[in-house]
Amino acid sequence: MSAMPPEVLDFIRKRVVADVEEGKLADGIVTRFPPEPNGFLHIGHAKSIALNFGVAEEYGGKTFLRFDDTNPLAESEEFVQAIQRDVRWLGYDWEDRLTFASDYFHELYYFAEKLIEGGHAFVCDLSSDEIRSTRGTLTTPGTSSPYRNRTEEENLNLFREMRAGKFQEGTKVLRAKIDMSSPNINLRDPVIYRILFAEHHRTGTEWCIYPMYDFTHCICDALEKISHSLCTLEFEDHRPLYDWVIEHIGVNHHPPQIEFSRLGLEYNVMSKRIYTSLIEQGFLSGWDDPRVPTISGLRRRGVPPASIREFTRRIGVTKQDNLVETELLDFCIRREFEESAPRSMAVLDPLKVVVTNYEGQDERLEAPWHPKHDELGEKTLTFGREIYIERTDFSEDPPRKYRRLTINGMVRLRYAFIIRCDEVIKDIEGKITELHVTYFPESRSGQDTSGLKPKGVIHFVSGNNAVPAEFRLFDKLFTTRIPDTNNIDEQINRESLVVKQGYIEGAMHKADFSQIQFERAGYFVEDQESTSESPVYNRTVTLSDGYKVPVSVN
RNA sequence: UGGGGUGUCGCCAAGUGGUAAGGCAACGGGCUUUGAACCCGUCAUUCGUAGGUUCGAAUCCUACCACCCCAGCCA
């Protein structure tokens, strides 16, 4: 696989290039994407995936997909499968480099014993509460465990007994012996192994002790000869511990940990906890709800993987905290579909229109599937006495510069005829129920001899050509740019899902397109719940809208 | 008032001593049977603030300010 690096290199790619030029990479460029299989991947992970796989592709390296599965309480095979599917869908291939931290449990155990033998780790009998209270605070040093000075032999025996299941959970842990007064709390004799009588999704009941992240991750990186261990900023404080472990276990490969900032997206949170809660409340339909920025949610919404890749390319990689506007993602989606998506007309919120001077059978009209790409072919639509237009395309009291239908006004029906509105029919409550219009037979699209110049063009579906369909329109899930996770319920956008019952054109119903642009309405994808009898379309993104409702100046 | 980071246009983001790239958004205009797309143009005398060094500073020095992360037997 090869790919071009971005035109402007980020600091990580610059570092990679420099390392290559200096001949520092005896084993080549090797990266890894290390998810914990405890949830679904979201767009923030996509940034990391694109970085790790991208760097390797661009510079002839390799990437491991390594599951960081050291906490059997939280992890499951379900997530292992979902994550693999998502990474693959995004367009990345780990080939034969699928690994698990649990693949290395024996090596990890071996290194733990080596650490003990070197006097660098000890078995501690303190409870977790005691460990916490002796750790000190941000401004005061911690105090050493009374078990800190056990002999190597005692530690080794105890650790072996831990492994053999002789002790209850929580009664003993293995701790690295570093420095209880370090200003870096991670170095205050961190726990590196704990007892957990839990079944692991891969190793079953083989182990009752499990290594902690800080001990595991760096060793796995070293064993896989990772050349650049890329992670997010919150691990910066862990780097000294990462280095400490590598230096004290005696391996000959020491990957550099390099940190970058995680992705922030406006009006979104990247919190598993919150989405889990919204799903449980029934506000969201699941992890693949199209309003959620999970990979599966984006996929269901219709966002193509290429757009996500383009998005990650455009946001760059830095150490600055960032909050990217959703407009950029929207742009990347539209960019992907503009040339390729066939066009169709659909009426999302129908208003019935009677063409009073039309008699007889429907007339057939030809229209291209794409105005710029003839190779996509043509379709047939019809025009008849009864048609549907969009409710928002008619106004009794039009604002200035309104270019749609008004009373006594004219408008062209896309690919069909010009009509003039003569009469507005309302029910007793004053709601408009239908329009009576006149059409101009000589204004037929492509052979217009009417000389009429209406100011606007609107879309329509003919009554005899209309197939009922459901449209699901999505908006921001939260009302705040930076949702406060403490009182998230108050910031939920209750209008984030709007369902409309309207019509698609017959030719569209018969066709089999994965993506479509309903003209003037946006790009849509057929939802997984859609059937031929009751089609359902998800709006992936709206079209960008140059029309601004004029501000009324009174 | 410990430690680790970050501060360049509304949002991303280049630039690392030679006089502020680019993208998104926005705003004008052209074109248009999608108010789309497309095409043109505008958009930081200024780089968190204040001093200093220098012929010259976003880039070097000093002080200050703001924001983010860290006290799981989570990752």
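As the structure is a prediction and not an experimental result, all values here were calculated from the model. Lettering follows sequence order; numbering is per chain, from 1.
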Distance check, P atoms only: B:G15 and B:C9, in whole angstrom units. 16 Å
Choosing from B:C24, B:C38, B:G4, which nucleotide comes nearest the side chain of A:E236? B:G4
What does A:K372 touch in the nucleic acid at a heavy-atom separation under 4.0 angstrom: a base, only the sugar-phosphate, or nothing? base
Please work out whether B:G17 sits syn or anti, treating a glycosidic angle within 90° of 0 as syn. anti
Atom NZ of A:K401 and atom C1' of B:G29: how far apart are they, to the nearest Å? 12 Å
Which nucleotide wins on minimum distance to the side chain of A:R414, given the candidates B:C73, B:U33, B:C38? B:U33
For A:F331, which contact category applies under a 4.0 Å heavy-atom criterion: base, sugar-phosphate, or nothing? sugar-phosphate
What is the nucleic acid contact for A:P371, judged by heavy atoms within less than 4.0 Å: base, sugar-phosphate only, or nothing? base
Between B:A75 and A:R194, is there an OP1 or OP2 to side-chain N/O distance shorter than 4.0 Å? yes
Sugar-phosphate, base or nothing in reach of A:L126, heavy atoms under 4.0 Å: base
Just by distance, do the side chain of A:T276 and the backbone of A:K272 share a donor-acceptor pair under 3.5 Å? yes
Counting side-chain heavy atoms from CB outward, which of B:C73, B:A75, B:A71 is closest to A:V173? B:C73
Among the nucleotides B:U34, B:C24, B:C73, which one has an atom lying closest to any side-chain atom of A:R343? B:U34
Polar pair under 3.5 Å, donor/acceptor by atom type, side chain A:D237, base B:G3: yes
Heavy-atom nearest nucleotide on RNA chain B taken for A:T137 and for A:E338; more 5' hit belongs to A:E338
Counterpart base for B:G17, defined by Watson-Crick or G-U wobble contacts under 3.5 Å: none
Examine distances only and state if a side-chain atom of A:H217 and a backbone atom of A:Y242 form a donor-acceptor pair shorter than 3.5 Å. no
At less than 4.0 Å, is any side-chain N or O atom of A:R135 found next to OP1 or OP2 of B:C73? Yes or no. yes
Rounded distance in Å between the C1' positions of B:A14 and B:C55: 27 Å
Go through B:A71, B:C74, B:U34 for me and flag the one nearest to the A:L138 side chain. B:A71
For B:C67, give its Watson-Crick or G-U wobble partner with both distances under 3.5 Å, or none. B:G5
Nearest-Å distance once atom P is located in both B:C24 and B:U33: 26 Å
Remember a base hit wins even if backbone is also touched, and classify A:R403 as base, sugar-phosphate or nothing at under 4.0 Å, heavy atoms. base
Considering only heavy atoms and no angle criterion, is a donor-acceptor pair shorter than 3.5 Å present between the side chain of A:R404 and the base of B:G35? yes
Test the A:R163-A:Y109 pair against the cation-pi criterion, namely NZ or CZ under 6.0 angstrom from the six-membered ring centroid and within 45° of the ring axis. yes
Dump every N/O contact between nucleotides 11-13 of chain B and the protein below 3.5 Å, one line per pair.
from  : atom 1 : to     : atom 2 : distance (Å)
B:C11 : O4'    : A:E325 : OE2    : 3.0
B:C11 : O3'    : A:L323 : O      : 3.1
B:C11 : O2'    : A:L323 : O      : 3.0
B:C11 : O2'    : A:E325 : N      : 3.4
B:C12 : OP1    : A:L323 : N      : 3.0
B:C12 : O2'    : A:I315 : O      : 2.9
B:A13 : OP1    : A:T318 : OG1    : 2.7

Over all strands shown, is A:K272 touching base, sugar-phosphate only, or nothing at heavy-atom distances under 4.0 angstrom? nothing
Would you state whether a donor and an acceptor, one from the side chain of A:H370 and one from the base of B:A37, lie under 3.5 Å apart? no
Select base, sugar-phosphate, or nothing to describe what A:Y210 touches, counting heavy atoms under 4.0 Å on all strands. nothing
Among the nucleotides B:A71, B:G5, B:G35, whichever has the atom closest to the side chain of A:R239 is B:G5
Among B:A75, B:G35, B:G72, the one nearest any side-chain atom of A:T70 is B:A75
Can you tell me how the ring of A:F235 sits relative to the ring of A:Y213, calling it parallel under 30°, perpendicular over 60° and tilted otherwise? tilted
So, A:R313 and A:E7, do they make that salt bridge, N to O below 4.0 Å? yes
Name the nucleic acid region contacted by A:Q517, choosing base, sugar-phosphate or nothing; use a 4.0 angstrom heavy-atom cut-off, strictly under. base
Give a yes/no answer on whether the side chain of A:S544 brings an N or O atom under 4.0 Å of OP1 or OP2 in B:A37. yes
Rounded to whole angstrom units, what separation is found between the CG atom of A:L452 and the C1' atom of B:U33? 14 Å
Tell me whether A:R150 contacts the main-chain N or O of A:V123 through its side chain, where contact means a donor paired with an acceptor under 3.5 Å. yes
Between A:R262 and A:E234, does at least one N-O distance fall below 4.0 Å, as a salt bridge requires? yes
Using a cut-off of 4.0 Å on non-hydrogen atoms, how would the nucleic acid contact of A:G446 be classed: base, sugar-phosphate, or nothing? base
Distance between the C1' atoms of B:C65 and B:G51, in whole angstroms? 14 Å
Using the C1' atom on both, measure B:A20 against B:A13 and round to a whole Å. 13 Å
Whole angstrom is fine here: how far is it from CG in A:D330 over to C1' in B:A37? 16 Å
Closest to the A:V457 side chain, choosing from B:G5, B:U34, B:A36: B:U34
Rounded at 0.5 Å granularity, tell me how far CD1 in A:I195 sits from CZ in A:F167. 7.0 Å
How many whole angstroms separate atom CZ of A:R334 from atom C1' of B:U34? 14 Å
Quick check against the 3.5 Å criterion: does A:E310 have a side-chain atom that pairs as donor or acceptor with the backbone of A:I333? no
Using a 4.0 Å heavy-atom cut-off, does A:M345 contact any base of the nucleic acid, only the sugar-phosphate backbone, or nothing at all? nothing
Considering every strand and a 4.0 Å limit on heavy-atom distances, what is the contact class for A:Y193: base, sugar-phosphate, or nothing? nothing
Take a 6.0 Å sphere around CD of A:Q447 and say whether it holds more than 12 heavy atoms from other residues, nucleotides or ligands. yes
Using the P atom as the point on both nucleotides, what is the distance between B:A58 and B:G18, in whole Å? 11 Å
With a 4.0 Å cutoff (strictly under), does any side-chain N or O of A:K14 reach OP1 or OP2 of B:G15? yes
Closer to the 5' end of RNA chain B via nearest nucleotide, is it A:H238 or A:N184? A:N184
Inter-nucleotide P distance (B:U16, B:G28), Å rounded: 36 Å
Does the A:R539 side chain pair with the main chain of A:A521, one donor and one acceptor, at a distance under 3.5 Å? yes
For nucleotides B:G52 and B:A44, find the distance between their P atoms and express it as a whole number of Å. 28 Å
Lys/Arg-Asp/Glu bridge criterion (N-O < 4.0 Å) met for A:R66, A:D103: no
Under 3.5 Å donor-acceptor pair, A:R412 side-chain atoms to B:U33 base atoms: yes
Between CD of A:E327 and P of B:G10 the distance, given in whole Å, is 15 Å
